[in-house]
Amino acid sequence: MNRLAEATSPYLLQHAENPVDWYEWGDAAFARARAEDKPLLVSVGYSSCHWCHVMAHESFESATTAALMNELFVNVKVDREERPDVDAVTMEATVGMTGSGGWPTTVFMTPDAKPFYAGTYFPPEPRHGIPSFPELLRAVAETWRERRGDIERQASRIDDGLRSTARSAPSHEPLTSSLLAAAAQGIAAGFEPAYGGFGRAPKFPAASTLELLLRRGDQRSLEMVTATLDGMAAGGFYDLVGGGFHRYSVDDRWLVPHFEKMLYDNAVLTSTYLHAWVVTGKTRYREIVEETLGYLLRELLLPGGGLASAHDADTDGVEGLTYTWTLEEADEVGLPHEHLEPFEHGRYIVRGELDPELRSRVLAVRDERVQPFRDDKALASWNGLALAALAEAGYRLERDDWLHAARALGAFLLGPLSAEDGRLYRALRDGRTSGLGYLDDYANVAHGLIELHVATGELRWLLEAHRVALLAVELFADAEAGGFFLSPVDGDARVARTKDLQDSPIPSGNSMLAYVLLRLGRIWGDDELEGRAVSVFRLVEPALRRAPGFFAWALCGIELRLSAPRELAIVGSVDSPVARAALASFQPNAVVAVGPSEHVPLLAGKDLVDGKPAVYVCERFACRMPVTEPEEVAV
């Protein structure tokens with residue numbers, strides 16, 4: 001066993017028996033590098049990463065390669081999900097040096113944490129123009145010995161570049177509806193009509209883009225949404241048997257997936273299918289919501305109320321083994337051949353329509369197989385996204401069991417995943433936390449708490465969302481250039497403070513916090529919060545004009561900012577007929593607060609009417625007469 005045996009991360013624990021003398025990222029590794037005047041080899045990955053497993057098996061489990069690594073470098077293993085700050089810097093360095101990125105990321109650093117050479121996967125022998133990993137190790141070590149000055153100059157340039165990108169000046173162009181129209185046109189230009197989605201294979205789910213198009217609401221936008229949702233749900237990329245979505249599709253048809261399942265994908269796609277059901281009334285979208293949340297609560301739920309992070313793509317080293325079928329296995333369970341599509345090695349993917357009885361029977365048999373590895377750490381960020389989906393779905397579909405699970409998840413985030421001073425932790429596993437949280441933790445948790453407040457009508461969740469959001473501003477805001485840093489003001493000084501801005505595959509911390517601040521700003525009548533949100537939009541404005549699909553959640557926030565203010569103050573039970581009427585439609589540009597309460601400005605002075613629950617429809621706190629009957633609600 002090496003030093004990783006004491007880690008909290010399941011990914012690091014997977015490497016605890018490597019012959020490599022691994023360190024976790026921290027003081028001990030850098031102190032040794034300085035003392036021995038060695039560069040660091042920093043390997044970044046995550047537990048469900050297929051090529052991370054491949055490189056581990058080929059190189060890190062090799063006694064010969066490990067001996068070379070131990071002789072020449074101080075070796076550091078990083079879980080990108082626990083340390084998004086390190087991941088951001090190493091990935092940016094890798095893309096800058098090679099033109100592309102991916103995991104595992106292999107980065108060589110000076111003892112003062114400055115990258116000077118980077119790549120991704122390296123094979124054990126030369127292949128397709130890529131040097132073998134042992135060749136690379138020797139070459140880097142030789143360059144470190146013989147051209148030290150060149151390396152240090154290059155490392156300083158790279159480090160300066162990493163730190164300067166976060167200081168990009170904001171745009172001063174006006175934020176107008178024409179920006180939204182142009183973005184919609186740009187997104188439409190990349191639409192793939194045959195099976196839905198945007199761009200060619202590999203196809204990734206674009207939940208934020210679909211949310212933006214749902215908000216646009218015109219016929220063309222809805223056609224792109226429904227074609228994509230139908231294509232993704234056909235089977236393969238979507239697990240027809242067990243529910244939930246895999247990571248991405250390697251083909252245009254959404255058929256052959258990369259089989260890992262991530263909590264974040266399933267959280268945001270659940271919300272998107274839920275909203276599409278509200279807009280279109282299509283029963284299949286509701287079924288996808290039910291099946292996906294069924295998967296999350298059946299297979300990812302942890303004892304404390306949180307949700308685990310992921311399921312691996314591989315089972316016993318074979319990708320997709322748990323999820324695919326031979327013809328003989330299909331016959332044994334009564335799975336018709338017309339529901340099977342060829343995969344590889346004589347195995348087939350399930351695709352088509354399964355009736356509930358067949359689906360249940362097939363799942364029961366599949367559950368008896370060896371299951372893929374589950375990464376059982378709970379990440380605050382991804383649990384916040386799941387909370388939003390679970391709470392809203394629980395309310396809209398009138399599922400008390402989901403609302404119970406959502407309350408437990410909210411309590412988990414504010415309990416075990418929170419420090420005594422109210423700050424969030426990044427991750428929790430087996431009763432141990434991995435360190436304090438990052439921007440996306442605060443943004444997504446606040447988002448989830450707002451949705452939990454609307455779904456339950458319980459005031460504590462809204463007050464906690466407001467507290468968490470204000471704390472995020474305090475910890476992450478850039479007072480000079482606007483927007484928010486990924487890491488807190490008191491974070492690891494070795495790591496350049498970067499800004500996470502792209503909404504792919506999920507909303508960035510900047511976009512989500514901007515969206516949260518707009519909602520809270522309108523509920524509290526706080527122009528400063530709205531101004532903080534606008535500072536994010538000014539940062540991303542030049543880039544979103546060029547590539548709107550990568551900034552779709554920021555565009556959702558801009559649409560909220562430009563929309564006519566609509567505030568719903570609900571006094572009384574959210575389950576009352578008048579409240580359900582007010583909340584029934586898809587109103588992404590409305591903000592909601594439920595009381596009574598004198599602690600929330602939008603609710604102040606508002607009460608039941610003749611003892612009945614009431615809805616106050618307001619615009620910048622100018623409210624119409626309250627209504628108490630469903631037919632009186634003007635949507």
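We count residues from 1, following the sequence as given.
Of the charged side-chain nitrogens involved, at least one lies within less than 4.0 Å of a carboxylate oxygen, so that R286 and E290 count as a salt-bridged pair. Under a 4.0 Å N-O distance rule, the pair R429/E82 does not qualify as a salt bridge. Using a 4.0 Å cut-off between charged nitrogen and carboxylate oxygen, D85 and R83 count as a salt-bridge pair. Between E567 and R519 there is no salt bridge, since no side-chain N of the basic residue sits under 4.0 Å from a carboxylate O of the acidic one. A salt bridge between D312 and K261 is absent, with no side-chain N of the basic residue lying under 4.0 Å from a carboxylate O of the acidic one. Salt-bridge check for R369 with D367: failed, with every basic side-chain N at 4.0 Å or more from each acidic carboxylate O. A salt bridge does not link R426 with E81: every distance from a Lys NZ or Arg NE/NH1/NH2 to an Asp or Glu carboxylate oxygen is 4.0 Å or more. Residues R253 and D251 are not paired through a salt bridge, judged by the lack of any N-O separation under 4.0 Å between the basic side chain and the carboxylate.
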Could you check S208 against D503 for side-chain hydrogen bond (donor to acceptor under 3.5 Å, both in side chains), going step by step and ending with a plain yes or no? CA-CA 7 Å; S208 294; D503 302 322; 5.5 Å; no

Going through the distances and angles, do T322 and Q371 end up as a side-chain hydrogen bond (donor to acceptor under 3.5 Å, both in side chains)? CA-CA 6 Å; T322 297; Q371 299 297 305; 5.0 Å; no

Using side-chain hydrogen bond (donor to acceptor under 3.5 Å, both in side chains), reason through E353 and H339 one step at a time and then give a plain yes or no. CA-CA 8 Å; E353 296 184 12; H339 289 314; over 6 Å; no

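Nearest heavy atom pair, residue R566 against residue V617, reads NH1-CG1, 3.6 Å. The two residues D314 and H53 come nearest to each other via the heavy atoms OD2-CD2, 4.1 Å. The nearest pair of heavy atoms linking I523 to V600 is CG2-CG1, 3.4 Å. Residue G199 comes nearest to E192 through the heavy atom pair O-CB, 3.8 Å, listed as atom of the first residue, atom of the second, then distance. Of all heavy-atom pairs between L210 and V225, the closest is O-CG2, 3.8 Å. Residue A207 comes nearest to L269 through the heavy atom pair CB-CD2, 4.1 Å, listed as atom of the first residue, atom of the second, then distance.
Remark: T292 OG1 to N266 CG distance equals 6.0 Å, nearest 0.5 Å. Here the CD-OH distance, from E559 to Y515, works out to 9.5 Å after rounding to the nearest 0.5 Å. H246 NE2 to M232 CE: the interatomic distance, rounded to the nearest 0.5 Å, is 13.5 Å. For the atom pair L463 CG and H453 NE2, the distance stands at 8.5 Å (nearest 0.5 Å).
Proximity of the aromatic rings of F586 and H275 is defined here by a centroid distance below 6.0 angstrom, and this criterion is met. In this structure, Y248 has its ring center at least 6.0 angstrom away from the ring center of F237. Between Y46 and Y11, the ring centre distance reaches or exceeds 6.0 Å.
Y395 carries R580 over the face of its six-membered ring, with the cationic atom under 6.0 Å from the centre and within 45° of the normal.
Listed for the D500 side chain is no donor-acceptor partner under 3.5 Å among the backbone atoms of L486. Looking only at distances, a side-chain donor or acceptor of T324 sits under 3.5 Å from a matching main-chain atom of G320. T315 places no side-chain N or O within 3.5 Å of a backbone atom of V318 that could act as its donor or acceptor partner. No side-chain donor-acceptor contact under 3.5 Å links D265 to the backbone of M262. Checked by atom type and distance alone, the side chain of D79 never pairs as donor or acceptor with a backbone atom of S9 at under 3.5 Å. Side-chain atoms of S576 come within 3.5 Å of backbone atoms of S573 as a donor-acceptor pair (strictly under, hydrogens ignored).
Annotation: side chain of H258 is not in contact with side chain of P202 (no heavy-atom distance under 4.5 Å).
Just one residue in the list Y238, F204, W254, Y264 forms a ring-ring contact (aromatic ring centres under 6.0 Å, His included) with F245, and that residue is Y238. Among F259, Y348, W325, Y323, the one residue that satisfies the ring-ring contact (aromatic ring centres under 6.0 Å, His included) test with F343 is F259. The side-chain contact (heavy atoms from CB on, under 4.5 Å) with V454 is formed by just one residue from the set L583, V574, I570; it is L583.
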